[in-house]
Amino acid sequence: MKMTRILSFIAVSLMLISGCRSLQQTDESSTSDLTDYQQVVDPFPVYDASDELITFPFLGGFNAPRPQFVDIDADGDTDLFVQENTGDLKYFEFTEQGSEFPLEWRTNKYQELDIGEWFRFVDLDQDGDLDLLTEQPYSYIRYYRNEGTREKARFVLAVDSLRDVTGEAIFSDRQNIPNVTDIDNDGLLDLFIGRLDGTLTRYESIGRDEREIPRFELVTERFEDIEIVKQFGTMHGANTMAFMDIDADGDQDIFWGDFFEPSILLLENRGTPSSPDFKGEPRPFPADDPVQTSGYNAPSLTDWGKDGDADLFLGVLGGAYNANQTLAENFLFYEQQSPGQFRLQTKQFLKTLDVGNESIPATGDIDGDGDLDLLLANKIDPINRNTSIVYVFENRGTENTPEFHQKSTLNLPDAYHYAPDLADLNGDGLDDLLLGSWRGGVAFYQNTGGSFDLVEENIIELPRGSNAVPELVDLDADGDLDVLLGSSGGTVSYFENTGSASDPEFQLVEDAFPNVEVGHRSNPAFFDVDGDGDLDLFLGSKVDGIVFFRNIGSPKKAAFKMETELPISVEATQFSAPHFADLDGDGIPEFLSGNREGGLIYFRP
């Protein structure tokens, strides 16, 4: 949407007393004109605590990345696909060899394909271009044929489930990610499926049917008698695998990740290209410094540096060994620096804002310099599991050209599920802090010049339930800030400010909005989307994304009605924490949201 077009019907007035920046339009216009919001992953510079530039700050974070490197456009460079959420596939195009970081984010929903719980690119019909296998819910194998070209792929559903020669659908447990290769170099593709008992099933292609769908014949349910067990026991688990000739002896080796294995296991092929032999014991990799994570490591190998050898990438899906510790650092890159010698380069290959999980943002002028700073809270600190953390990002740019630097974390007592909101509550021109937590109370911290001092431990409290999420807003147009409070149960509680703009007193209004509810974990944000002078409600939720409630009342007396579609086309994930703010000072609200993955997504018109 053209900037001038938006400005012609939106005049946004920031509530000077409201750090939550509930944005209002001043003229009436169709909400359809507001649907053109687009996601941007790097709209302005954001730096981490080491003052290193974050490449994709608003990518949204990762909890369980499943990567695969392939040259999808046949230009000789390795592109990257990553799955984080069920059904969605992120695509990063390799655009420039030798640049600081040569991958560019293109989309979170590659060709709008539904990939279920896993994906594999492979030339299944052996016509020279890449096809796509994905999970067919629940636990079967969907086949998308590439009906485009090597340079410009176009995937079309060929069959909802691959079948064996008897016509039976091939079962592949959705927790396990299969793979395809020609293990014995006979020109026929082999389909390998890991089982929950630690064994490996092998099917071999025997040609194609009349629809050109490959047919597979079961060869063995115990390939090479492989059985992966827990390091110090007999437990088996969800698994994933990759094939690669890692030792350059001409045959394919297997890398195996397992729920009960903190490392990645190498199963070395001691046979020949035409006669594989995997009789040796699986061993943790790399040999001199094995991977140690929370387990369930998804491998992908590629020659990243184009130096003639394979490098190892691992997406940590989170297994049996404290999955919290890998909520933020879970995309590992091991470079092969000399034959057989791998060294860890980073635990966050795609560098993004990521505070662990269940992030909640707030914006306000914390340091009184006239621009908006950022707070970002998480559910639990991945390192110290005793508390939530609130990170402070100082805006060192200007009101119109933001530049965020991770400055510190707030010094707070131990508590889970911190939920911050910022606004000037005492009339001194500095944005103060309301801070919800898991126990259901909301604390009031006064801004004393860039830092916060506790004034009241429980200025308000949920009448029932837990996970208090405050949103400061003048909901009755009387010039002071009220509070709408989200909760774990999905309802909202309204606390009217019966005091003043500089001396608030919050009073619960019983059953103020009984029809405003989501399934679980309500998280409120306000924006006047229809320009009628009152504030409409966007309510984040645990599983339903963002639910929209139009204000059909008036500026002084709100009344909300749920609508089935969002008036702003923004993507939302689980544990959505919506937030509107004018970060670049152009008078047009941008949309941000925290999410389950612990990151931030950002949309602008």
Chemist: Which residues satisfy the side-chain hydrogen bond (donor to acceptor under 3.5 Å, both in side chains) test with Arg154, sequence neighbours excluded?
Modeler: none
Chemist: Looking at residues at least two apart in the chain, or sitting in another chain, which of them share a side chain to side chain contact (heavy atoms under 4.5 Å, CB included) with Ile383?
Modeler: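 Partners of Ile383 by the side chain to side chain contact (heavy atoms under 4.5 Å, CB included) criterion, ordered by chain and then number, come out as Asp381.
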Chemist: Taking the side chain as everything from C-beta on, heavy atoms only, tell me whether Asp79 gets closer than 4.5 Å to Phe69.
Modeler: no
Chemist: Would you find more than 12 non-hydrogen atoms of other residues, nucleotides or ligands less than 6.0 Å from Asp51 atom CG?
Modeler: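 Result for CG/Asp51: enclosed.
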Chemist: Would you check, one step at a time, whether the test ring-ring contact (aromatic ring centres under 6.0 Å, His included) holds for Tyr445 with Phe452?
Modeler: CA-CA 5 Å; Tyr445 288 80; Phe452 296 102; 7.2 Å; no
Chemist: Could you tell me whether the side chain of Asp373 and the main chain of Ile366 form a donor-acceptor pair under 3.5 Å?
Modeler: yes
Chemist: State, to 0.1 Å, how close Ser263 and Asn297 come at their nearest heavy-atom pair, and which atoms those are.
Modeler: O-ND2, 3.1 Å
Chemist: Output yes when a side-chain donor or acceptor of Ser359 lies under 3.5 Å from a complementary backbone atom of Gly599, and no otherwise.
Modeler: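 Such a contact is found between Ser359 side chain and Gly599 backbone.
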Chemist: Check the pair Asn357, Lys379 against side chain to side chain donor-acceptor pair (under 3.5 Å), reporting the backbone distance first and the verdict last.
Modeler: CA-CA 6 Å; Asn357 66 342; Lys379 170 186 175 181; 5.8 Å; no
Chemist: Mind listing the closest non-hydrogen atom pair of Tyr391 and Ile389 along with its distance?
Modeler: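 Minimum heavy-atom separation between Tyr391 and Ile389: CE1-CG2, 3.3 Å.
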Chemist: The criterion is ring-ring contact (aromatic ring centres under 6.0 Å, His included); which residues satisfy it with Phe404, sequence neighbours excluded?
Modeler: Phe44
Chemist: Using the side chain to side chain contact (heavy atoms under 4.5 Å, CB included) criterion, which residues pair with Gln345? Sequence neighbours excluded.
Modeler: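 With neighbours one apart ignored, the set is Phe333, Glu335, Gln337, Arg343.
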Chemist: Could you check whether Phe331 and Phe349 have their ring centres less than 6.0 Å apart?
Modeler: yes
Chemist: Under 4.0 Å between a Lys/Arg side-chain N and an Asp/Glu carboxylate O for Lys109 and Asp88?
Modeler: yes
Chemist: Apply side-chain hydrogen bond (donor to acceptor under 3.5 Å, both in side chains) to Ser408 and list each qualifying residue two or more places apart in sequence or on a separate chain.
Modeler: none
Chemist: Charged N to carboxylate O below 4.0 Å: is that the case for Arg106 and Glu93?
Modeler: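 Judged by the 4.0 Å cut-off on N to carboxylate O distance, Arg106 and Glu93 do form a salt bridge.
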Chemist: Using side-chain heavy atoms (C-beta onward) and a distance below 4.5 Å, is Glu590 in contact with Asp582?
Modeler: yes
Chemist: List in chain and number order the residues that pass side-chain hydrogen bond (donor to acceptor under 3.5 Å, both in side chains) with Ser487, two or more places apart in sequence or in another chain; answer none if no residue qualifies.
Modeler: Thr491
Chemist: With ring centroids as reference points, do Phe538 and Phe591 lie under 6.0 angstrom apart?
Modeler: no
Chemist: Should Ile54 and Leu353 count as side-chain neighbours, where that means a heavy-atom distance under 4.5 Å?
Modeler: yes
Chemist: Does the ring centre of Phe580 sit less than 6.0 Å away from the ring centre of Phe526?
Modeler: no
Chemist: Are the side chains of Val316 and Ser294 in touch, meaning some heavy atoms are under 4.5 Å apart?
Modeler: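 Touching, per the 4.5 Å side-chain cut-off.
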Chemist: Of all heavy-atom pairs between Pro65 and Val82, which one has the smallest distance, and what is that distance?
Modeler: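 Answer, listing the atom of Pro65 first, then Val82: CB-CG1, 3.8 Å.
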Chemist: Return the set of residues passing ring-ring contact (aromatic ring centres under 6.0 Å, His included) with Tyr91 (not counting sequence neighbours), or none when no residue passes.
Modeler: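 Applying ring-ring contact (aromatic ring centres under 6.0 Å, His included) to Tyr91 gives Phe81, Tyr110.
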Chemist: Counting distance only, does the side-chain N/O of Asn395 pair as donor-acceptor with the main-chain N or O of Leu372 below 3.5 Å?
Modeler: yes
Chemist: So does Arg66 pair up with Glu117, basic N to acidic O under 4.0 Å?
Modeler: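 The answer is yes: the pair qualifies as a salt bridge.
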Chemist: Check ring-ring contact (aromatic ring centres under 6.0 Å, His included) between Phe119 and all other residues, then give those that pass, not counting sequence neighbours.
Modeler: Phe121
Chemist: Does Asp71 come within less than 4.0 Å of Arg150, counting only side-chain N to carboxylate O?
Modeler: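 Salt bridge: no.
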Chemist: I'd like to know if the side chain of Asp421 reaches the main chain of Leu434, judged simply by a donor and an acceptor atom lying under 3.5 Å from each other, with no hydrogens or angles considered.
Modeler: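 Here the side-chain-to-backbone pair does not exist.
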Chemist: Suppose we screen for side-chain hydrogen bond (donor to acceptor under 3.5 Å, both in side chains). Which residues come up paired with Ser466, at least two apart in sequence or across chains?
Modeler: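 For Ser466, the residues satisfying side-chain hydrogen bond (donor to acceptor under 3.5 Å, both in side chains) (neighbours in sequence not counted) are Ser488.
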Chemist: Show your working on side chain to side chain donor-acceptor pair (under 3.5 Å) between Asp307 and Trp304 and close with a plain yes or no.
Modeler: CA-CA 8 Å; Asp307 55 359; Trp304 177 246; over 6 Å; no
Chemist: Tell me, please, which residues at least two apart from Phe243 pass ring-ring contact (aromatic ring centres under 6.0 Å, His included).
Modeler: Phe192
Chemist: Taking salt bridge (charged side-chain N to carboxylate O under 4.0 Å, His left out) as the cut-off, I'd like each qualifying pair that reaches into residues 345-357, sequence neighbours left out, listed once.
Modeler: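 As it turns out, the salt bridge (charged side-chain N to carboxylate O under 4.0 Å, His left out) pairs with a partner in residues 345-357, which skip direct neighbours, are Asp48-Lys351.
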Chemist: Could you note down all residue pairs passing salt bridge (charged side-chain N to carboxylate O under 4.0 Å, His left out) where residues 594-604 supplies at least one of them, sequence neighbours left out?
Modeler: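 Qualifying pairs, neighbours excluded: none.
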Chemist: Taking the ring centre of each residue, are Phe313 and Tyr334 less than 6.0 Å apart?
Modeler: no
Chemist: Using the rule given for salt bridge (charged side-chain N to carboxylate O under 4.0 Å, His left out), can you reason through Asp371 versus Arg396, listing the C-alpha separation, both sets of side-chain angles and the distance that settles it, and then say yes or no?
Modeler: CA-CA 9 Å; Asp371 53 38; Arg396 297 180 185 170; over 6 Å; no
Chemist: Return yes if some donor-acceptor pair links the side-chain N/O of Asp365 with the main-chain N/O of Gly370 below 3.5 Å, else return no.
Modeler: yes
Chemist: Can you list the steps and then say if Glu358 with Asn378 is a side chain to side chain donor-acceptor pair (under 3.5 Å)?
Modeler: CA-CA 5 Å; Glu358 298 182 32; Asn378 59 16; over 6 Å; no
